[in-house]
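Only one structure is covered here, and it is reproduced in the block below.
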Amino acid sequence: MRSLSILGLLLISLNSHAAPLSPPAQRGEAFFHQRFAVNDKMPACTACHTDNPLKPGQHAITGKTIQPLAVSANGERFSDPAKVEKWFGRNCKEVVGRACTADEKADFVAYMREVR
Amino acid sequence: MKSLALLALLAVSLPSLADRMPLPADTPASYKSECGSCHLAYPPALLAKKDWARTLSSLDRHFGSDATLDPKAQQEIGRFLERSAGDANKLGSAGEPPRISQTARFIRKHDEIPARYWRDPRVKSAANCEACHRGAADGRYSEHDIAIPELRR
């Protein structure tokens, strides 16, 4: 009986911590939450995309709904390289205040692919 | 009698026609993707030709964002807006920089909306047509189909 409940606990904990993020994805997660404070209305990625990339966001100025960034919530994400580069180009300049590096972009995409 | 019925039918259908503003059939894909990501791809008839031209010539400073287009998209979208723009006389001045929400037509159509609704977090901005006009993406702007129940007619 005791071993059964331990097994149950193990299963629950496995489920809630499903697949820990890889180191690149962890860096991507930190970047996603980082406050750059370059832009008053968009101090961080989360200003439009919310703290949870699994949820839809809202454009900080226009109010338009933004579909989730996480691939598990939105299968379209990161499927069109030209679109990905376009939005990194615009949003990095606007929010980070400079172009993002290739590593930053790779980490960001890793996080969005892995987060569940 | 028949003509009277026809007239009545016309009177009933006219206001609803004005509430239908689907994107023209020849709308280039670039307009929908480039001008429909941060805000709705607005019906081109809501701004006059000269105001669209002013908007397109200052995309590097587009309401606080750099919305610069590549030359091909810029040309394609410019031509589209030029041929599909609205009647300047009916729209009235759009201000500087031109805003659809500053045209006399827009103001007249929304004059009954209290200021607090514009500030509602669900609305956020007059740019957010879809917050109230839930069919806006398909060109439906009827005042009978408003997403926020308190504002429905």
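Lettering follows sequence order; numbering is per chain, from 1.
- Within a 6.0 Å sphere centred on NZ of B:K49, heavy atoms belonging to other residues, nucleotides or ligands number 12 at most.
- Proximity to chain B is limited to the side chain of A:K93, based on heavy atoms less than 4.5 angstrom apart.
- No more than 12 heavy atoms of other residues, nucleotides or ligands lie within 6.0 Å of CD in B:Q75, so this atom counts as exposed by the packing criterion.
- B:S37 and A:K64 get closest at one heavy-atom pair: O-CD, 3.3 Å.
- The two atoms that bring A:E94 and B:S65 nearest to each other are OE2-OG, 2.5 Å, heavy atoms only.
- Other residues, nucleotides and ligands contribute more than 12 heavy atoms inside 6.0 Å of the CG atom of A:D80.
- Within 6.0 Å of atom CD in A:E76, 12 or fewer heavy atoms from other residues, nucleotides or ligands are found, so the atom counts as exposed in its surroundings.
- Neither the backbone nor the side chain of B:A126 comes within contact range of chain A; no heavy atoms are under 4.5 Å apart.
- A:Q58 places no side-chain N or O within 3.5 Å of a backbone atom of B:K124 that could act as its donor or acceptor partner.
- In terms of non-hydrogen atom pairs under 4.5 Å with chain A, the most contact-rich of B:C129, B:S33, B:A67, B:G64 is B:A67.
- Looking at B:T68, neither its backbone nor its side chain comes within 4.5 Å of chain A, counting heavy atoms on both sides.
- Closest non-hydrogen pair, A:T62 versus B:N128, comes out as O-CB, 2.9 Å.
- For A:K41, no part sits under 4.5 Å from any heavy atom of chain B, backbone or side chain.
- Placement of A:L54 and A:V109 in two distinct hydrophobic clusters is found when ILVMFWY residues are connected by side-chain heavy-atom separations under 4.5 Å, directly or transitively.
- When hydrophobic clusters are built by joining Ile, Leu, Val, Met, Phe, Trp and Tyr residues whose side-chain heavy atoms come closer than 4.5 Å, directly or via intermediates, B:F106 is grouped together with B:V123.
- Counting only heavy atoms from C-beta outward, the side chains of A:R90 and B:C38 approach each other to under 4.5 Å.
- Linking ILVMFWY side-chain heavy atoms closer than 4.5 Å, directly or via other members, places B:Y42 and A:I66 in two distinct hydrophobic clusters.
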